[in-house]
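Structure first, commentary second.
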Amino acid sequence: MVNIIWAAMAIIGIVYAMFNGTMDKVNEALFESAEEAVTLSIGLISILVFWLGMMKVAEKAGILTFLSKLFRPIIIRLFPDIPKDHPAIGYILSNITANIFGLGNAATPMGIKAMEQMKELSGSDEASRSMITFLALNTSSLTIIPTTVISIRMQYDSVSPTEIVGTTIIATLISSVSALLIDRFFYYRSLRRK
Amino acid sequence: MGIITTISTWLIPCFIAIVLIVSTWKRVPAYEVFVEGGKDGVRMAFSLLPFLVGMIVAISILRSSGALEAFIQLISPLLVSIGVPPEIIPLALVRPISGTAALGMTTELIGTHGPDSFIGRLASTMQGSTDTTLYILTVYFGAIGIRKMHYALKVGLLADLVGIIASIVVVTLLFG
């Protein structure tokens, strides 16, 4: 599906530009955005190196196992195919915690590490059940404190920059619970097909 | 807000301190382990690069050609007819595709309509309660080389839809 969406975005854009006379803009954007993507990846190195290094220390010191034990009842229900005490659970929890506090920079490396651990468990290049559940949780946004939005509101002199925290929490809760339900629906449907 | 900001700024340094204290206590060679783990980060960033270039270029072709804008204008009447505020439609459609574009739109909406207006609050809530599905999918699956994604994209996009509808309903009920 990603293959089709990816190709479709580019094809639709180019064909539309043919009829709309925006080909020069497309041409320009092509190379600018490629450069932008490389800058983004290189920029990620600092965050990835720092957090993955730190989390490796946390793992070796037994902190991730401690976290996993603490939240085991919830995590086992959400990710039934991950063995208890597996380091993947520690990374999943760290990712969720970082997301909740709006620390996107710290959340991404832990998310990738969690995915890597889950890949080791499944041992294939196909997305496993727990990987998709984890992805669904992340895409539905777990942010409780949207720090970026609050800072934008402050810049524009809002009377109450944080008044949207309440609505954000409710909307996030609804979308996260729905994400889990939608994920379960597709999982059981895929089982039935097999 | 004071407490929240304090928690956010204290959380990471305190976490690092705890990790280092516990690892020293348990005689883990902290620095060596840190460097070893950090090497993974370099490898990941590079393995991620082609996935990001591919996805960001495709999105930028779609945006720069004007096709995305045309599509938004095309389906706007339909969404307005079911009660969606027209100003919010571009943000709702772009949010799952591009994080930078969505943040730009949110800033513009807050700037134009004011942070305490209905549109300003709605844009703020929508920005905070959804995430860029295509980016997360690219980064998380790209870094570890997942080829078959199965139903992952469908779940992500449907969750976005629910998040957007939920934002509109919640903000209308509380601030409308």
Side-chain angles (χ1 to χ4, degrees), chain A residues 1-2 6 9-10 12-13 16-17 20 22 25-26 29 33-34 37 40-41 44-45 48-49 52-53 56-58 60-61 63 101 111-112 115-116 119 125-127 132 135-136 138-141 143 145-146 149 152-153 156 158-159 162 164 167-168 170-172 174-175 178-179 182-183 186, chain B residues 1 4 8 11 19 22-23 26 28 30 33-34 37-38 40-41 44-45 48-49 52-53 56-58 60-62 64-67 107 110-111 115-116 121 124-125 127-131 133 136 140 143-153 155-156 158-159 162-163 166-167 170-171 174:
Chain A
M1 193 166 164
V2 158
W6 183 70
M9 286 197 296
I12 292 169
Y16 185 86
N20 219 37
T22 43
K25 281 183 183 160
V26 169
S33 62
L40 189 67
S41 306
L44 272 172
I45 291 181
L48 284 170
V49 168
L52 293 183
K56 190 90 181 176
V57 180
K60 282 268 178 354
I63 293 171
F101 287 97
I112 295 176
M115 283 289 186
E116 201 181 52
K119 193 192 177 188
D125 60 356
E126 291 184 26
I132 300 178
L135 199 93
N138 263 281
T139 59
S140 75
S141 162
T143 313
I145 300 140
V149 174
I152 297 173
R153 294 175 62 80
Y156 285 97
S158 170
V159 180
T162 53
I164 46 86
T167 49
T168 304
I170 300 171
T172 299
I174 295 172
S175 71
S178 313
I182 296 165
D183 170 56
F186 279 107
Chain B
M1 183 57 200
I4 293 166
S8 292
L11 197 70
V19 168
V22 175
S23 62
K26 291 195 172 173
V28 173
V33 173
F34 175 86
D40 270 3
M44 272 179 191
L48 203 60
L49 206 147
L52 274 177
V53 171
I56 289 176
V57 166
S60 114
I61 293 174
L62 194 68
S64 62
S65 66
T107 312
I110 290 176
D116 303 315
R121 285 164 172 162
S124 307
T125 304
Q127 176 73 31
S129 64
T130 50
D131 214 323
T133 299
I136 294 179
Y140 282 10
I144 59 161
I146 291 294
R147 285 175 203 286
K148 282 192 175 167
M149 298 187 181
H150 296 298
Y151 51 92
L153 185 62
V155 176
L158 282 171
V162 175
S167 311
V170 170
V171 174
L174 285 173

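Just so it is clear: chains get the letters A, B, ... in the order the sequence lines come, proteins before strands, and each one is counted from 1. Fair warning: this is a prediction, and the values are worked out from it, not measured in the lab. Both backbone and side-chain heavy atoms feed into the values below; hydrogens, waters and symmetry mates do not.
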Option that, when pairs with chain B are counted at under 4.5 Å, heavy atom only, ranks first among A/Val49, A/Leu48, A/Ile152, A/Ile174: A/Val49
Value rounded to 0.5 Å, distance of CG in B/Asp116 from CD1 in A/Ile164: 10.5 Å
Highest number of heavy-atom pairs under 4.5 Å with chain B among A/Ala61, A/Ala37, A/Gly53 belongs to A/Gly53
Do you know the tightest heavy-atom contact between B/Ala143 and A/Ile112? CB-CG2, 3.5 Å
Do you know which of B/Gly41, B/Ala159, B/Gly66, B/Ser129 has the most heavy-atom pairs under 4.5 Å to chain A? B/Ser129
Closest approach of B/Asp40 and A/Glu116, non-hydrogen atoms and distance? OD2-OE1, 4.4 Å
For the interface with chain A, which of B/Ile144, B/Val28, B/Thr107 has the highest count of heavy-atom pairs at distances below 4.5 Å? B/Ile144
What closest approach, in Å, do B/Ser124 and A/Val149 show between heavy atoms, and which atom pair accounts for it? CB-CG1, 3.4 Å
Most heavy-atom pairs under 4.5 angstrom with chain A, which of B/Ala67, B/Ala152, B/Ala166? B/Ala67
For chain A, find which of B/Ala30, B/Ser64, B/Ser167 contributes the most heavy-atom pairs closer than 4.5 angstrom. B/Ser64
Which heavy atom in A/Lys119 sits nearest to a heavy atom in B/Ile146, and how many Å separate them? CG-CD1, 4.4 Å
Return the option, out of B/Gly156, B/Ser23, B/Pro115, B/Gly111, with the maximum number of heavy-atom pairs under 4.5 Å with chain A. B/Pro115
Heavy-atom distance under 4.5 Å to chain A: side chain of B/Leu52, backbone, both or neither? both
Chain A: which of B/Val171, B/Ile61, B/Val170 shares the most heavy-atom pairs with it under 4.5 Å? B/Ile61
With only heavy atoms counted, which part of B/Val57 is less than 4.5 Å from chain A, the side chain, the backbone, both or neither? both
Minimal non-hydrogen separation, A/Ser33 against B/Ser60, with atom names: OG-OG, 3.1 Å
Distance from B/Leu158 atom CG to A/Asp183 atom CG, nearest 0.5 Å? 11.5 Å
Name the member of A/Ser175, A/Ala58, A/Ser141 that forms the most heavy-atom pairs with chain B at distances under 4.5 Å. A/Ser141
Has B/Ser65 got a side-chain atom pairing as donor or acceptor with A/Ala17's backbone, closer than 3.5 angstrom? no
Distance in Å, A/Arg153 CZ paired with B/Ile110 CD1, rounded so as to fall on 0.5 Å steps: 6.0 Å
On a heavy-atom basis, the closest approach of A/Ile45 and B/Ala45 is CG1-CB, 3.3 Å
Between B/Thr130 and chain A, with a heavy-atom cut-off of 4.5 Å, which part of the residue counts as in contact: side chain, backbone, both or neither? backbone
Working for side-chain contact (heavy atoms from CB on, under 4.5 Å), residues A/Ile132 and B/His150: CA-CA 9 Å; A/Ile132 300 178; B/His150 296 298; 4.0 Å; yes
Does the side chain of A/Leu135 come within less than 4.5 Å of B/Val155's, by heavy atoms? no
How many angstroms lie between CG in A/Asn138 and OH in B/Tyr140, if you round to the nearest 0.5 Å? 4.0 Å
